[in-house]
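The block underneath contains the structure these notes are about, expressed in structure tokens.
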Amino acid sequence: MTKSLFPGFDGLMTLSRREGVDVRPTLLRVLTDLYVQASTHSEDEQRQFIELATRLIDQVDDATRASVKAKLAIYPQTPVPVLQKLGLVAAQEGRRIPLAREIPRAAPAPSPARTPTEAEQRMAASMAMQPKEAAEIHDMFFRADASQRALILHNLAQTPLKAAPRIPTAHAKRAIQILEMAAIAGDVDSFIHELGDTLILPSRVAAEIVDDPGGEALAVAARALDMPSPNFQRILLFFKPAIGNSVNEVYRLSRLYDRLSDRSALVMLAAWRGSTLAVTRAKYQPSLHDSDRQRARSSASQTRPNVQPGSSPAVRTGSSGSSER
């Protein structure tokens with residue numbers, strides 16, 4: 001199990017100590033989530049889980065240890081050495097320590113601030129920058145390589161371009177939970193739908209972000225949601241196996257994400273939104289030109305008077321009422 005998902009586990013641990021980007025909490029959370037998803041395990045899977053989990057439990061923060069402890073405490077197939085490491089069984093007796101029932105969470109207090117409507121958000125987004133500028137930034141980013149993308153994102157923080165408005169906190173938190181669940185389940189369609197709906201992006205752009213092989217676009221989208229770094233790392237490991245199985249790629253994107261500013265992400269979000277308007281205008285521009293030309297031809301072909309001013313002599317009327325030429 002762990003070999004297929006984390007073939008570079010030892011390399012990740014070594015690089016973590018050398019590079020200073022600590023992914024051990026994320027690895028322990030992911031390892032635990034994978035383990036409790038199955039009802040039974042082979043001896044080899046149990047051995048690997050015991051070896052990896054017991055190594056990581058002493059090396060992670062209290063919040064990660066508490067989260068893992070809560071999941072493994074109610075999982076019936078948790079190995080005894082792991083339970084002992086977490087203090088869930090007595091070291092000599094090998095029995096589980098009785099746990100208190102979970103305290104129900106109180107309903108969150110309503111926020112006094114009014115959340116902007118979707119129409120208000122779309123209006124603000126459309127005013128962020130000119131569609132042509134947005135399309136140029138969008139195309140330049142997706143054509144660039146990894147080092148060029150990092151430079152683009154760094155420079156966006158210094159530009160005078162107007163950034164997109166922040167996603168409301170309550171909406172962003174809900175979206176982060178849904179995105180992480182979709183990533184764990186491998187549900188690409190739900191992930192794209194939720195990302196597009198939350199960031200107010202059409203499905204075409206949301207799919208382009210998700211399908212981007214480099215992962216930088218997904219990092220920008222996550223930063224625009226103010227997603228915590230461990231959540232982003234879990235999505236990488238679950239949702240992007242080509243990246244998650246590469247030690248260097250995990251750390252490259254982790255460093256990029258930690259250094260990425262909110263402003264850079266929100267300016268890029270404004271560019272993604274504005275590029276949609278540019279594409280729509282380009283799509284309908286030929287038909288608009290055709291209509292203009294048709295109207296011009298219609299005006300030119302209108303019936304003109306047969307007798308133009310000055311083309312015939314004046315007609316005089318005699319005293320008898322008859323005409324004389």
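- Note that CG of Leu201 and CD of Glu208 are 10.5 Å apart. Values are rounded to the nearest 0.5 Å.
- Within the 3.5 Å criterion, the main-chain N or O of Leu72 finds a donor-acceptor partner in the side chain of Thr78.
- Environment of CD in Glu43: sparse, with no more than 12 heavy atoms of neighbouring residues, nucleotides or ligands closer than 6.0 Å.
- Using modelled atom types, one side-chain atom of Arg65 and one backbone atom of Ile57 make a donor-acceptor pair closer than 3.5 Å.
- Between Trp272 and Phe141, the two ring planes are perpendicular [angle over 60°; tilted spans 30° to 60°].
- A salt bridge does not link Asp226 to Arg166: none of the charged nitrogens lies less than 4.0 Å from a carboxylate oxygen.
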*Verify side-chain contact (heavy atoms from CB on, under 4.5 Å) between Leu225 and Thr198, making sure each step is shown before the conclusion.*
CA-CA 9 Å; Leu225 289 171; Thr198 305; 3.4 Å; yes
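- Between the side chains of Ser190 and Glu194, no donor N or O sits under 3.5 Å from an acceptor N or O.
- Distance alone, capped at 3.5 Å, places no donor-acceptor pair between the Arg223 side chain and the Ala265 backbone.
- A salt bridge links Asp33 to Lys71: at least one charged side-chain nitrogen sits closer than 4.0 Å to a carboxylate oxygen.
- Relative orientation of the Phe232 and Tyr257 rings is parallel, given thresholds of 30° and 60° on the angle between their planes.
- Between the CZ atom of Arg29 and the CD atom of Gln233 there is a distance of 11.0 Å, given to the nearest 0.5 Å.
- Not a single donor-acceptor pair under 3.5 Å links the side chain of Ser67 to the backbone N or O of Ala63.
- Cluster membership check: Leu151 does not share its hydrophobic cluster with Leu256, using side-chain heavy-atom separations under 4.5 Å among Ile, Leu, Val, Met, Phe, Trp and Tyr.
- Annotation: salt bridge (Lys or Arg N to Asp or Glu O under 4.0 Å) contacts of Asp139 (sequence neighbours excluded): none.
- With hydrogens and angles left out, the side-chain atoms of Asp44 and Gln48 include a donor and acceptor closer than 3.5 Å.
- Listed by first then second residue, pairs satisfying ring-ring contact (aromatic ring centres under 6.0 Å, His included) with a partner in residues 172-201 read Phe191-Phe239, not counting sequence neighbours.
- Using modelled atom types, one side-chain atom of Arg149 and one backbone atom of Ala144 make a donor-acceptor pair closer than 3.5 Å.
- Note that OG1 of Thr40 is 9.5 Å distant from CD of Gln46, once rounded to the nearest 0.5 Å.
- Counted within 6.0 Å of NZ on Lys173, heavy atoms from surrounding residues, nucleotides or ligands total 12 or fewer; the atom is thus considered open.
- Here the closest heavy-atom approach between residue Ile235 and residue Ala183 is recorded as CG1-CB, 4.1 Å.
- Taking a cutoff of 4.0 Å between a charged side-chain nitrogen and a carboxylate oxygen, Arg47 and Glu51 qualify as a salt bridge.
- A distance-only check finds a donor-acceptor pair linking the side chain of Arg273 to the backbone of Leu199 [under 3.5 Å].
- Note: His41 and Tyr35 meet the aromatic proximity criterion, with ring centroids under 6.0 Å apart.
- Although no hydrogens or angles enter the test, the distance criterion places a donor-acceptor pair under 3.5 Å between the side chain of Lys240 and the main chain of Val210.
- Using a 4.0 Å cut-off between charged nitrogen and carboxylate oxygen, Arg252 and Glu216 count as a salt-bridge pair.
- One distance of note links CG of Leu236 with CG of Asn231; it measures 11.5 Å at 0.5 Å rounding.
- Between Ser261 and Ser264, the side chains place a donor N or O and an acceptor N or O closer than 3.5 Å (distance only, hydrogens not considered).
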